[in-house]
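Structure, as structure tokens:
Order of the sequence lines fixes the chain letters, A, B, ..., with proteins taken first and strands second; residue numbering starts at 1 for each chain.
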Amino acid sequence: MKLDKNYNANQFEPLIYALWEKNLVFKAKPENKKERFSMVMPPPNETGTLGVHHVLFLTIQDILARYNRLNNRDVLWLPGTDHAALAVNALIEKQLSKEGLSKHDIGRQAFLERTQEFVANSRGNMLNQMRSIGAGPDWTRLRYTLEDTSVRVVNETFLAMYQKELIYRGDRIVNWDPVLETTVSDDEVTYREEQTTLYYLQLGPFEITTVRPETKFGDKYIVINPKDQRYKDYKEGQEIEVDWINGKTKLTIIKDEAVDLNFGSGVMTITPWHSLIDYEIAKRHDLTYEQVIDFHGKLLPIAGEFAGETIAQARPKIIEKLRSKKLIIREDKNYKHQVAINSRSDALIEPQIRLQWFVDVNKKVIDWHHQLLSFKEVLQTVVKDHEIDIIPKRFEKTYFNWVDNLRDWCISRQIWWGHRIPVWYRTDMDQKQEIYVGLQPPIDDREGYNEWQQDPDTLDTWFSSALWTFSTLIDPALAENYQLDFRDLLNKSQDFITYHPTSILVTGWDIIFFWVARMILATTFMTGQVPFKSVYLHGLVRSIDGKKMSKSRPESLVDPLDVVKQYGADALRMGIIMGVSPGNDLVYSEERVRSSRNFCNKLWNISRFIENVSDDTIRPDHQFKTNNLVDRWLVVRLSQVQTMVLDYLDHYRFAEAYDLIYKFVWNDYADWYIETAKLNLNQTLLKDSLRIILKLVHPFMPFVSESIWQVLFENQDLLAQQVFEPIKINQDYLSDAEQFNQVRSLIVEAREVLQKTDSRGITLYYKKSAVVSELNPIIKRLAKLKDCIEVDDGEGWRLINTKFDCWLDIDPASIKKHLTSLKNQFDQYQQDIEKLQSRLDNVNYVSKAPKQLVDQTKLQLQELSNKREDLKQEITRFSRN
RNA sequence: GGGAUUGUAACUCAGUUGGCUAGAGUGCAGCAUUCACAUUGCUGAAGUCAGGGGUUCGAAUCCCUUCAAUCCCACCA
């Protein structure tokens, strides 16, 4: 087959991917007895398309999967997608509102159907995008967070926690999104700074401040810090009557430390129903409280004439009324404060008190290694004891900080898309409510009771995501059998037994709380195992201006498929991997993609060369047979590079591994070995070495490496199914390699001198040397010399950076032109020598530093001195002429 | 207010427990060219490792401090 001049990624990639799928390359094989490597893919949200950050985490995982396969391990990389309850729900509601509809108009059933259709569409799209960047998870095990098995496991978990009273129902203040009409977890709330007006209001003898006059209708208490000397005459429990927004009101004085003495006048009123700290104050003092704003964001009858209005409508009118009653003392129009926002819907959060389901994180009933611990303690223990390693380590601090401050987790949501809470209610004749919690709807219809009604709420998305590592390993066929209890279900699921706990989880540090911690929580509870042995946290992808890529700034978004089309998937993958180190953010730049594309092409052309010079009857023999010292140098390098790349990958240092391969292939293999091969063809070694290189490249650039493999080694299996092979080197290869390095220095210096002196067609003379004689044609060619001749004694410019004695026959006048730059070099040598000398003159250095290092310094000094002398001689010799 | 990270060439970043003359990619300058590759080759210029102090024989690396940037957590009624 004749190869094209340039590598055309688009032409090969779809074919190669199809080949992998056809051969079931990605399929895990629990039946074989290899060492295991397993990980689950963090399921991307089914909201539409993949972005560059997906390419990052998919590539890291793909590298790990392919690398471990090449290391002769049985690899399970399990793919899946997330139903993303809140995000998808918000999207669909937005669509509906564009059509002038609300979810209530179409009803729960139609809403869910519509959502399912949307999600199925996104999913197909996303899975194809994964393929097009070369990601190779086990497609036969594709999972989804809202499938039947998942429902079963969610319900099992809910039930088990409920039975241990780890899940409870209660009235609590929650983050309420009045637009989506649902609660939102603390972690999903973000804060935005807003400029607003701060009002100073007259409340009887006091001055209070507020940005939210609309919440002031329910005020019944005045809170003062007990330490505040200004109000020491007012006593706790004292009642005063004041004129307030809607007439006369009686208020009670409360003293509480939570009041900031320095804010405003140090006096506040509280609205416990709509503010967390107010709520806490109210709890402490056992105060009564009332709802002022309803769940749609409208004022309630307590607001009198403003009832039924939204906050936006009512606020100016309330201000007007306050003003006319002369209750406003002054206004600060430039007041800046943080407002709470739902990060998923962008709606303003209104704290509300509601009956919700919670996970108790402090109850000590979890049996973990024969100790009864709380969720919080389990979360602390597993990381402290290194049952789970966090990479990089510094995120342990963030993790502990969060866990230590963990509060009960509100898991119920009032949206429709998601796992339904497995709780049913009915009332008896006396209207007494009965509760049933179970895996499936209750069936007994006892007479005299109303029908069972399922709780209308759904569960927080992260509740099902938290079960991801083990719910995906449960056999779906077994999960249909509700006779089987949960223990048995786990213990009879082949994949669970084989692959859990998983080896590693690769995910972004931004969801360490949402997800990583909650996976640990739920998995330890349900399986008695940790979900994974380590967590690799990658950074966020930023656009070239250093900002986070986000949908709100469309110009910052890069469509991975566009890049694939232009440069190929391999180039995109490596363009992103080039900058990564664990936990650090990286900047996406097209330049890097381009450089990786060029590297693909380099590999391609190396292969073309080998293809062109190859005789098909010669087969590589895996023996790394060497003919001369360049061959032996190559084998030494190959072995070193392979060892280092594997070591880097073992430590998740992807960028370093790639960098090393890149440099080796380009600067050693192409620039030196291939060049010498043109004069000294060793066909078997060329093929042997290329085979090793392709294996090393494959985890990083699967397409181009497999394409080449298919062309050059077509009678073999797929590259994706190979394993690494050991490269044996004899001890004497090392000295040969060193000899070649000396020749390399010779050639580089010759080139440099020729360039600087602008000389061409020069002859090199060398003193008798077996090595130089052997490589004579190579030296002549690579240094572009006219000739290379052995002599008894040299003349011309003497080379000083090689241990071989050789001279360039350059016209003295040319050298003279460059004497200044040569003198600079001499000065540089002089400086370096002085530095080394002073180090050796230091008694402490000689006595305290490792002997090896001191010896090395001595050797360097010796070499440098020699060079300096040689250079000095040459300079004086040519200055004279 | 509590915490984390970052600061290295013009740009984007490597630099593993302190130890060769601090390295790449891109960009820049010069030169080359039918012979695998212009998505090329060769050669080169370019750095006060943010500033200051300390520990050490030795610091880009460890400690303290100042400055700058980014982010997380907690919050102001």
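- Nearest approach of Ser185(A) to Asn175(A), heavy atoms of both residues: C-ND2, 3.7 Å.
- Listed candidates were U39(B), U21(B), A36(B). Nearest to the side chain of Asp832(A) is U21(B).
- In this structure, Leu754(A) and Ala783(A) approach most closely via the heavy-atom pair CD1-O, 3.6 Å.
- Residue Lys867(A) contributes atom NZ, which lies 12 Å from atom P of U21(B) at whole-angstrom precision.
- The same atom, P, is picked in C11(B) and in G47(B); the two are 13 Å apart, to the nearest Å.
- Of the candidate nucleotides U43(B), C37(B), A77(B), U43(B) has the atom lying nearest to any side-chain atom of Val748(A).
- Exactly one residue among Gln825(A), Gln830(A), Gln828(A) makes a side-chain hydrogen bond (donor to acceptor under 3.5 Å, both in side chains) with Arg868(A). That residue is Gln830(A).
- Residue Lys848(A) places its side chain closer to C57(B) than to any other of C57(B), C75(B), A36(B).
- For Arg330(A) and Tyr200(A), the positive end sits near the middle of the six-membered ring, less than 6.0 Å away and at most 45° from its axis.
- Judged by Watson-Crick or G-U wobble contacts below 3.5 Å, the nucleotide G41(B) has C31(B) as its partner.
- Donor-acceptor pairing under 3.5 Å, judged by distance alone, is absent between the side chain of Glu656(A) and the base of A24(B).
- Among the protein residues, Thr209(A) comes within range of the nucleic acid bases, having at least one heavy atom under 4.0 Å from a base atom.
- At whole-Å resolution of the value, CZ in Phe395(A) and C1' in C73(B) are 14 Å apart.
- Considering only the side chain of Lys663(A), G23(B) comes nearest among G19(B), A77(B), G23(B).
- For the OP1/OP2 pair of U21(B) and a distance below 4.0 Å, the side-chain nitrogens and oxygens of Gln828(A) include no atom meeting the criterion.
- With salt bridges taken as basic N to acidic carboxylate O contacts below 4.0 Å, one links Arg744(A) and Asp668(A).
- Using the Watson-Crick or G-U wobble rule with both distances under 3.5 Å, A60(B) pairs with nothing in any strand shown.
- Only the C1' atoms considered, C37(B) is 15 Å distant from C42(B), to the nearest whole Å.
- Nearest to the side-chain atoms of Arg839(A) among the listed nucleotides U21(B), U43(B), C37(B) stands U21(B).
- On the C1' atoms, G7(B) is 10 Å away from C49(B), given to the nearest whole Å.
- At least one donor-acceptor pair closer than 3.5 Å links the side chain of His274(A) to the backbone N or O of Pro351(A).
- Pairing for A14(B) is absent, judged as Watson-Crick or G-U wobble with the two contacts each under 3.5 Å.
- Lys602(A) has no side-chain polar atom (N or O) that falls below the 4.0 Å cut-off from OP1 or OP2 of C37(B).
- Of the side-chain N and O atoms in Lys678(A), one or more sit less than 4.0 angstrom from OP1 or OP2 of A36(B).
- When distances run from any side-chain atom of Tyr335(A) to the nucleotides C76(B), G41(B), G19(B), the shortest one goes to C76(B).
- Figure legend. G1(B) is base-paired to C73(B); pairs are counted as Watson-Crick or G-U wobble with both atom distances under 3.5 Å.
- If you take CD of Gln852(A) and P of C20(B), they are 13 Å apart, rounded to a whole angstrom.
- A gap of 9 Å separates the C1' atoms of A46(B) and A10(B), to the nearest Å.
- Heavy-atom nearest nucleotides on RNA chain B were determined for Ala849(A) and for Asn844(A), and the one closer to the 5' end corresponds to Ala849(A).
- Spacing between A24(B) and G53(B) at atom C1', rounded to whole Å, works out to 33 Å.
- For G30(B), the base has a donor-acceptor partner in the side chain of Gln755(A) [N/O atoms by modelled type, under 3.5 angstrom].
- Here G7(B) sits opposite C67(B) as a Watson-Crick or G-U wobble pair (both hydrogen-bonding atom distances under 3.5 Å).
- In this structure, Leu660(A) atom CG and A14(B) atom C1' are separated by 13 Å, rounded to whole Å.
- Across the C1' atoms, G25(B) and U8(B) are found 15 Å apart, a figure rounded to whole Å.
- For Glu752(A), whose side chain is taken as the heavy atoms from C-beta onward, the closest listed nucleotide among G44(B), C42(B), A36(B) is G44(B).
- Between the C1' atom of A77(B) and the OH atom of Tyr191(A) lies a distance of 14 Å, rounded to the nearest Å.
- Salt bridge absent: Lys823(A) and Asp827(A) never bring a charged side-chain N and a carboxylate O closer than 4.0 Å.
- With rounding to whole Å, Asn6(A) atom CG is found 11 Å from A36(B) atom C1'.
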**Q.** Worked check of ring-ring contact (aromatic ring centres under 6.0 Å, His included) between Phe654(A) and Tyr536(A)
**A.** CA-CA 12 Å; Phe654(A) 309 108; Tyr536(A) 176 97; 5.6 Å; yes
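- Contact annotation: Arg592(A) does not reach the phosphate of G25(B) (side-chain N/O to OP1 or OP2, under 4.0 Å).
- At whole-Å resolution of the value, CH2 in Trp666(A) and P in U39(B) are 11 Å apart.
- The side chain of Arg594(A) contributes no N or O atom lying less than 4.0 Å from OP1 or OP2 of G25(B).
- Comparing Trp672(A) and Phe609(A), the nucleotide of RNA chain B nearest to each residue sits closer to the 5' end for Phe609(A).
- When the nucleotides A36(B), G41(B), C76(B) are ranked by their closest atom to the side chain of Asp671(A), G41(B) comes out on top.
- In this structure, Asp256(A) atom CG and A77(B) atom C1' are separated by 13 Å, rounded to whole Å.
- The side chain of Val259(A) lies closest to A77(B), out of A36(B), A77(B), A24(B).
- When distances run from any side-chain atom of Asn598(A) to the nucleotides G25(B), U40(B), C72(B), the shortest one goes to U40(B).
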